[in-house]
K.L.:
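For reference, the structure I am asking about is given below.
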Amino acid sequence: MLNVPSQSFPAPSSQQRVASGGRSKVPLKQGRSLMDWIRLTKSGKDLTGLRGRLIEVTEEELKKHNKKDDCWICIRGFVYNVSPYMEYHPGGEDELMRAAGSDGTDLFDQVHRWVNYESMLKECLVGRMAIKPAVPKDYREEKKVLNGLSHEIQEDFSVRVVENVGKIEIVLKKKENTSWKRLGHPLENHNLLIPKKDTGLYYRKCQLISKEGVTHDTKLFCLMLPPSTHLQVPVGQHVYLKLTITGTEIVKPYTPVCDFLLSEFKEPVLLNNKYIYFLIKIYPAGLFTPELDHLHIGDFVSVSNPEGNFKISQFRELEDLFLLAAGTGFTPMVKILNYALTNIPGLRKVKLMFFNKTEDDIIWRSQLEKLAFKDKRFDVEFVLSAPTSEWNGKRGYISPALLSQFLKRSLDNSRVLICICGPTPFTEQGIRLLHDLNFSKDEIHSFTA
Ligand SMILES: Cc1cc2nc3c(=O)[nH]c(=O)nc-3n(C[C@H](O)[C@H](O)[C@H](O)COP(=O)(O)OP(=O)(O)OC[C@H]3O[C@@H](n4cnc5c(N)ncnc54)[C@H](O)[C@@H]3O)c2cc1C
Ligand code: HEM
């Protein structure tokens, strides 16, 4: 059995406490963690009140179930009795009640499209809506016939993504060098253009190739994508990893990294479309990371499409880039650093201030120092909150004194971007201090869920 503490969940310092837009998670009562919910769903208790029967639900019927102790919600045509889940919902009972007795699909998607409700609520399923929701009109109008293939093609094909213009170029190679009389027909469901907001997250199973210790608690995981898969995670975006833990699918966000920082030894190869790398801190009392850590080489993990609101256009004409990272908040900075130092022509200065508890917690310290030595535009400062007496570097937590000294523009009016990522209190405090130092909203990007 997993050993999960039963106090508030996630922990107050968990990065998962605040999502973008400042919606906070609420402290849950004792015994109401995700693991406790999974246990309840496996207990055999009748959670719908229908003794396992599935029913067709009319709109009128749905509307009647709009109270906390009798609350049904429809998501993508399926109706769930969410009353038993009320006290376990990390967003709180009032948030869940906003969708009581109605179709909560849009609301659900606005807040957390990636949450795996089908698996988490499978014991709460009441049934389907009596009338299947009609396919939105736009679908039919936008239906386009794509050129399917009538002849065999080679397994290996190339994909080029031109991020700044949003173009994808796919080059397929014929298996036999003959002329094709016709191209073929679209496969089922392959001839639709569906707006991203109307699709769930797509997961592909990736194989664990290696797992390598980076610090005492953080590891570099390398996953191999399935053959013929092209997954390019844009700079600053994250994906969701999914594992089945005691019979329930659990999903958590992680930011892919490159497997190294630019250094004199390696070429700046950003696009390696076969492998995807993650730097992940293992929390012994956490829910997801111990399971991930227990995987064997060759085991599978599901990886979603990328999500996130960082845009490469934020780098346009950038002159100074400042990065503020705490702990595993370093992960988005990896691709940002590599991208910035190779792709922004007018960039004069890139500085990273990296906050940790002790020297042992610093991820890729020697790589960062090497990079600073090699590239004169780059500089790194480590700040420790619990250093040993031998530590000569900076000490403490994010503060006005540290920031005002660190954030010096290379020219009075140079174009700057400050990226900040870490546990929620760190990020919130950092944003407040940056505003106090007169940096504008457009000059700050914070990474949250
Ligand atoms: C956009 C985004 C990107 C991210 N990218 C990365 C990344 O690249 N690398 C990375 O390592 N992380 C990343 N994270 C964090 C990651 O998603 C998880 O939150 C993290 O891995 C912890 O997951 P867990 O299930 O193992 O721990 P959780 O179960 O969430 O626990 C987290 C902490 O809380 C403690 N805890 C758990 N339950 C309780 C309880 N009931 N009472 C008190 N304490 C408790 C645990 O011991 C642990 O210290 C990212 C988060 C976001 C939002
Ligand atoms: C439809 C109405 C709903 C609303 C308005 C709502 C709102 C919220 C809010 C505000 C949060 C906290 C902030 C965030 O993480 O983004 C949250 C978190 C969460 N909700 Fe909901 N929710 C709804 C339905 C559901 C349902 C049906 C489930 C079923 C499984 C669910 C599962 C979760 C989970 C697992 C989290 C934590 C996400 C994380 O770890 O970041 N929610 N919700």
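Just so you know, these numbers use all the heavy atoms, side chains as well, and skip hydrogens, waters and symmetry mates. Both ligands and their constituent atoms are indexed starting at 1 by order of listing.
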K.L.:
Using a 4.0 Å heavy-atom cut-off, say whether L121 meets ligand 2 through its side chain, its backbone, both or neither.
P.N.:
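The answer is the side chain.
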K.L.:
So does F406 get a backbone contact from the side chain of K351, meaning a donor-acceptor N/O pair under 3.5 Å?
P.N.:
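Such a contact is found between K351 side chain and F406 backbone.
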K.L.:
Can you list the atoms of ligand 1 that are under 4.0 Å from a heavy atom of L287?
P.N.:
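Ligand 1 atoms under the 4.0 Å threshold to L287: 24 (P), 25 (O), 26 (O), 27 (O), 28 (P), 29 (O).
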K.L.:
Would you kindly specify which portion of T328 sits under 4.0 Å from ligand 1, judged on non-hydrogen atoms: side chain, backbone, both or neither?
P.N.:
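Side chain only.
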K.L.:
Around atom NZ of K42, are there more than 12 heavy atoms of other residues, nucleotides or ligands at under 6.0 Å?
P.N.:
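Yes - once you tally the heavy atoms of other residues, nucleotides and ligands closer than 6.0 Å, there are more than 12.
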K.L.:
Which of parallel (below 30°), tilted (30 to 60°) and perpendicular (above 60°) describes H238 and Y240?
P.N.:
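Judged by the thresholds at 30° and 60°, the geometry between H238 and Y240 is perpendicular.
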K.L.:
Just to be sure I'm reading this right: ignoring hydrogens, which of W37, Y85, Y117 gets closest to atom 35 (C) of ligand 2? Compare them by their nearest heavy atoms.
P.N.:
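Going through W37, Y85, Y117 one by one, Y85 has the nearest heavy atom to atom 35 (C) of ligand 2.
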K.L.:
Output the distance between atom OG1 (T246) and atom CE (M35), rounded to the nearest 0.5 Å.
P.N.:
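CE of M35 is found 3.5 Å from OG1 of T246.
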K.L.:
Distance under 4.0 Å to a non-hydrogen atom of H238: what atoms of ligand 1 satisfy this?
P.N.:
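Those atoms are 1 (C).
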K.L.:
What atoms in ligand 2 come closer than 4.0 Å to a heavy atom of A99?
P.N.:
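Per the distance check, 1 (C), 2 (C).
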K.L.:
Please check if atom NZ in K311 has more than 12 non-hydrogen atoms from other residues, nucleotides or ligands closer than 6.0 Å.
P.N.:
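Open.
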K.L.:
For the residue pair F382 and F354, does the interplanar ring angle fall in the parallel (under 30°), tilted (30 to 60°) or perpendicular (over 60°) class?
P.N.:
tilted
K.L.:
Heavy-atom distances under 4.0 Å are what count here, so tell me which part of M120 touches ligand 2: side chain, backbone, both or neither.
P.N.:
side chain
K.L.:
Polar-atom distance check: H112 versus ligand 2, any N or O pair below 3.5 Å?
P.N.:
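Yes - when backbone and side-chain N and O of H112 are compared with those of ligand 2, one distance drops under 3.5 Å.
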K.L.:
Just jot down the ligand 2 atoms closer than 4.0 angstrom to any heavy atom of I75, in number order.
P.N.:
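Reading through ligand 2 atom by atom, the close ones are 27 (C).
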K.L.:
Can you list the atoms of ligand 1 that are under 4.0 Å from a heavy atom of Y283?
P.N.:
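Numbered from 1, ligand 1 contributes 20 (C), 22 (C), 33 (C), 48 (C), 49 (O).
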K.L.:
Please work out whether any backbone atom (N, CA, C, O) or any side-chain heavy atom from C-beta onward of A285 is under 4.0 Å from ligand 1, and answer side chain, backbone, both or neither.
P.N.:
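Looking at A285 and ligand 1, atoms from backbone and side chain both fall under 4.0 Å.
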K.L.:
Which part of K252 is near ligand 2, with near meaning a heavy atom under 4.0 Å away: side chain, backbone, both or neither?
P.N.:
neither
K.L.:
Say whether, by atom type as modelled, one donor and one acceptor occur between the side chain of T289 and the main chain of Y283 under 3.5 angstrom.
P.N.:
yes
K.L.:
Give a yes or no on whether the backbone of D70 and the side-chain of S83 come within a donor-acceptor separation of less than 3.5 Å.
P.N.:
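It does hold such a pair.
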K.L.:
Give the contacting part of T331 toward ligand 1: side chain, backbone, both or neither, where contact means a heavy-atom distance below 4.0 Å.
P.N.:
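Side chain only; the backbone of T331 stays clear of ligand 1.
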K.L.:
From the options F330, Y277, F288, Y254, select the one whose nearest heavy atom is closest to atom 18 (C) of ligand 1.
P.N.:
Y254
K.L.:
Which part of W114 is near ligand 2, with near meaning a heavy atom under 4.0 Å away: side chain, backbone, both or neither?
P.N.:
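The side chain, only.
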K.L.:
Taking R377 for its side chain and L341 for its backbone only, find out whether a donor-acceptor pair lies under 3.5 Å.
P.N.:
yes
K.L.:
Indicate, as side chain, backbone, both or neither, the part of L34 found under 4.0 angstrom from ligand 1 when only non-hydrogen atoms are considered.
P.N.:
neither
K.L.:
Just to be sure I read this right, does ligand 2 sit under 4.0 Å from the backbone of V111, its side chain, both, or neither, counting only heavy atoms?
P.N.:
both
K.L.:
Who's closest to atom 52 (C) of ligand 1 heavy-atom-wise, of G329, P253, S33, P290?
P.N.:
P253
K.L.:
Should the heavy atoms of other residues, nucleotides or ligands under 6.0 Å from NE2 of H216 be counted, would the total exceed 12?
P.N.:
yes
K.L.:
Which residue from P90, C124, S119, G91 reaches closest to atom 36 (C) of ligand 2 through any of its heavy atoms?
P.N.:
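Shortest heavy-atom distance from atom 36 (C) of ligand 2: P90.
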K.L.:
Ligand 2 versus L34, non-hydrogen atoms closer than 4.0 Å: side chain, backbone, both, neither?
P.N.:
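No part of L34 comes within reach of ligand 2.
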K.L.:
Any atoms of ligand 2 less than 4.0 Å from a non-hydrogen atom of L107? List them with their elements.
P.N.:
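That gives atoms 5 (C) of ligand 2.
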K.L.:
Would you call the rings of Y85 and H89 parallel, tilted or perpendicular, taking 30° and 60° as the class edges?
P.N.:
tilted
K.L.:
Given the rule in the side-chain contact (heavy atoms from CB on, under 4.5 Å) test, do D436 and L403 qualify, once you have shown the distances and angles that lead to the verdict?
P.N.:
CA-CA 11 Å; D436 292 348; L403 290 191; over 6 Å; no
K.L.:
Are F278 and ligand 1 in contact, using a heavy-atom cut-off of under 4.0 Å?
P.N.:
no
K.L.:
What do you reckon, is NZ of K67 surrounded by more than 12 foreign heavy atoms closer than 6.0 Å?
P.N.:
yes
K.L.:
I'd like to know if D36 and K29 make a salt bridge, using a cut-off of under 4.0 Å between side-chain N and carboxylate O.
P.N.:
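Judged by the 4.0 Å cut-off on N to carboxylate O distance, D36 and K29 do not form a salt bridge.
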K.L.:
Should the proximity of T448 to ligand 1, defined as any heavy atom under 4.0 Å, be assigned to the side chain, the backbone, both, or neither?
P.N.:
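Near ligand 1, T448 shows its backbone, while the atoms from C-beta on stay back.
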